[in-house]
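Scroll down for the structure; my scribbles are underneath it.
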There are 2 protein chains.
Amino acid sequence: MRSGPDASTIASLISDPSRAAILTVLMDGRSHPAGDLAYAANIKPQTASFHLAKMLEVNVVSLEKQGRHRYYRIENIEIAKALETLLAISPQPKVKSFKQVTENENLRFARTCYDHLAGKLGVKLMDALVDKGYIIEESNEILITKEGEIFLELFDIPLDIVRKKRRSFVHKCLDWSERRHHLAGALGHELFERFFELQWIERMEKTRAIRITSAGRKGLNELLSITL
Amino acid sequence: MRSGPDASTIASLISDPSRAAILTVLMDGRSHPAGDLAYAANIKPQTASFHLAKMLEVNVVSLEKQGRHRYYRIENIEIAKALETLLAISPQPKVKSFKQVTENENLRFARTCYDHLAGKLGVKLMDALVDKGYIIEESNEILITKEGEIFLELFDIPLDIVRKKRRSFVHKCLDWSERRHHLAGALGHELFERFFELQWIERMEKTRAIRITSAGRKGLNELLSITL
DNA sequence: TCCATATTTCGATGATAGTCGAATTATTTA
DNA sequence: TAAATAATTCGACTATCATCGAAATATGGA
């Protein structure tokens, strides 16, 4: 006898490799036009259209039309979380080309996990914040300290902005590449955005991998003693 | 171009309704013999065998042989978490029988989420612990207070036992029926076990729904002012 | 207005995967 | 030891689903 929600409904949407590829692209937290998603998933536009319609129907993705362009994005953070959870338990793929090795390394170094930083950089960021005493990991949970509040203020991340966010404020997110936790929640997101503003990090073409700039290396080192 | 882990690998295992049903049964955190899983999923034993072999191959489930019986269980808490995440974003099923309504209500009231209590009771438990000041939800994270430590000591849950657990100590788990958080982690698990010892809760037949005993209603009311 | 581009819609095809009957294997029980 | 029970293995069948070619629709630009 089967009662309660059925895990297979959403899982069957993710189970197709082309759809999984599309969703993985969308894990960068941005909207992408249908044509780009088709290209990224290595399928024809009509196939992508078919898949996107399926995901749109059950609110896994949302759609925004701009002229001839249809921009799709992941519907909400819960969907993104489910995806990241799945990625964390998925086996690493076999490497088939030098190009894939490079991109894999780039992803492992730093990438978007929907709206915050993941990968080695994301984990290092969290470790540094702990080392500096700006956040504490007590009873396996995370709090911002007084010093941390001062730090955020100086770093132009006013705490009230962070706290106003409705969702999870500070929490850990299991990182598929590091197998440790990186910083997520509103704080993770605000830091992510701030690093962009300062041009300490930038997006790489055609991937959700993130590149750190030389200014970023310098800044993260001076500010948080992060060496990369 | 596709790099990094592929979400479709694990998702494709969950995408089959029969396998999803099996995994949902296994969310009660216990081992179940293959025959029972076949019955619960409403498939023939040979079909169940085929599905279980697939899941065993990629370490979604693990196997323990006892004589003619093959007991399967969910491999680890990460798999369980991925499942619960998927369930939280899955649409509620259409109800087709009175029996299903009843079981659905039972699941909503209280059920196992792998190794801790979920449902209305699970959420109420967490709320009560907060109301009593035994845990605090600060900056959206959870800590045990001094009063909470005393409470746990008196309730025969020594803190060192809780802290010895390697995994998450105290955290929140999004509940698919309540759309709020219930208590998870080592503390959630220890309370779950303690309620069993005291016979405040008991398992129901053929479902992962949990029944509260009259002793449990009394005990939870006296101890934590929980009214049900 | 016509052409180019982005995207969707439709239909047919081929591959895949879940299912069960039959048979076999493994273990327990009388 | 034979019979019963639990479970697996094998093979054939059928239904489903992803794919692409073709065509149609929607929008932008010259």
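Just so we're clear, the structure is a prediction, and the values are computed from it rather than from any experiment.
- Near DNA chain C, meaning a heavy atom under 4.0 Å away, the residues from residues 49-62 of chain A are A:S49.
- Under the salt bridge (Lys or Arg N to Asp or Glu O under 4.0 Å) criterion, A:R30 pairs with A:D28, not counting sequence neighbours.
- The interatomic distance linking A:I43 (CD1) with C:dT8 (C1') rounds to 14 Å, in whole Å.
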Under 3.5 Å between N/O atoms: give me all the protein pairs with nucleotides 12-16 of chain D, atom names plus distance.
none

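- With sequence neighbours left out, B:H182 forms a ring-ring contact (aromatic ring centres under 6.0 Å, His included) with B:H116.
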Identify the pairs formed between an N or O of the protein and an N or O of nucleotides 3-5 of chain C at a distance under 3.5 Å, and give each distance.
| residue | atom | partner | partner atom | Å |
| --- | --- | --- | --- | --- |
| C:dT5 | O4' | A:R68 | NH1 | 3.3 |

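- With sequence neighbours excluded, the residues satisfying side chain to side chain contact (heavy atoms under 4.5 Å, CB included) with A:A215 are A:W200, A:T213.
- With sequence neighbours excluded, the residues forming a ring-ring contact (aromatic ring centres under 6.0 Å, His included) with B:F192 are B:F196, listed by chain and number.
- Interatomic distance, CD1 of B:I210 versus CD of B:E202, reported as 9.0 Å (0.5 Å rounding).
- The distance from atom CG of A:N42 to atom P of D:dT19 is 10 Å, rounded to the nearest whole Å.
- Applying the salt bridge (Lys or Arg N to Asp or Glu O under 4.0 Å) rule to B:K44 yields no partners; only residues at least two apart in sequence or on another chain are considered.
- Environment of NZ in B:K124: crowded, with over 12 heavy atoms of neighbouring residues, nucleotides or ligands closer than 6.0 Å.
- The phosphate of C:dT7 has OP1 or OP2 within less than 4.0 Å of a side-chain N or O from A:H69.
- Taking atom CG of residue B:L13 and atom P of nucleotide C:dG18, one finds them 9 Å apart after rounding to whole Å.
- Close to D:dA18, at under 4.0 Å from its OP1 or OP2, lies no side-chain N or O of A:T47.
- Between the NZ atom of A:K65 and the C1' atom of D:dT25 there is a distance of 12 Å, rounded to whole Å.
- Heavy-atom neighbours of A:E57 CD from other residues, nucleotides or ligands within 6.0 Å: at or below the threshold of 12.
- Atom CG in A:D16 sits roughly 10 Å away from atom C1' in D:dT19 (whole-Å rounding).
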Would you be so kind as to tabulate the donor-acceptor pairs closer than 3.5 Å made by side chains of residues 59-77 of chain B, with sequence neighbours excluded?
| residue | atom | partner | partner atom | Å |
| --- | --- | --- | --- | --- |
| B:R73 | NH2 | B:Y114 | OH | 3.2 |
| B:N76 | OD1 | B:E78 | N | 2.9 |
| B:N76 | OD1 | B:I79 | N | 2.9 |

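- With sequence neighbours left out, the salt bridge (Lys or Arg N to Asp or Glu O under 4.0 Å) criterion links A:D127 to A:R180.
- Atom pair B:Q46:CD and C:dT19:C1' shows a separation of 9 Å (rounding to whole Å applied).
- Note on B:R70: every side-chain N or O is 4.0 Å or more away from OP1 and OP2 of C:dT27.
- Between the OH atom of B:Y72 and the P atom of D:dA7 there is a distance of 8 Å, given to the nearest Å.
- The side chain to side chain contact (heavy atoms under 4.5 Å, CB included) search around A:S90 returns B:P5, B:I10, not counting sequence neighbours.
- For A:K54, there are no salt bridge (Lys or Arg N to Asp or Glu O under 4.0 Å) partners at least two apart in sequence or on another chain.
- Counting non-hydrogen atoms under 4.0 angstrom, B:Y71 reaches nothing in the nucleic acid.
- If you measure from atom CG of B:L63 to atom P of D:dA7, you get 10 Å, rounded to the nearest angstrom.
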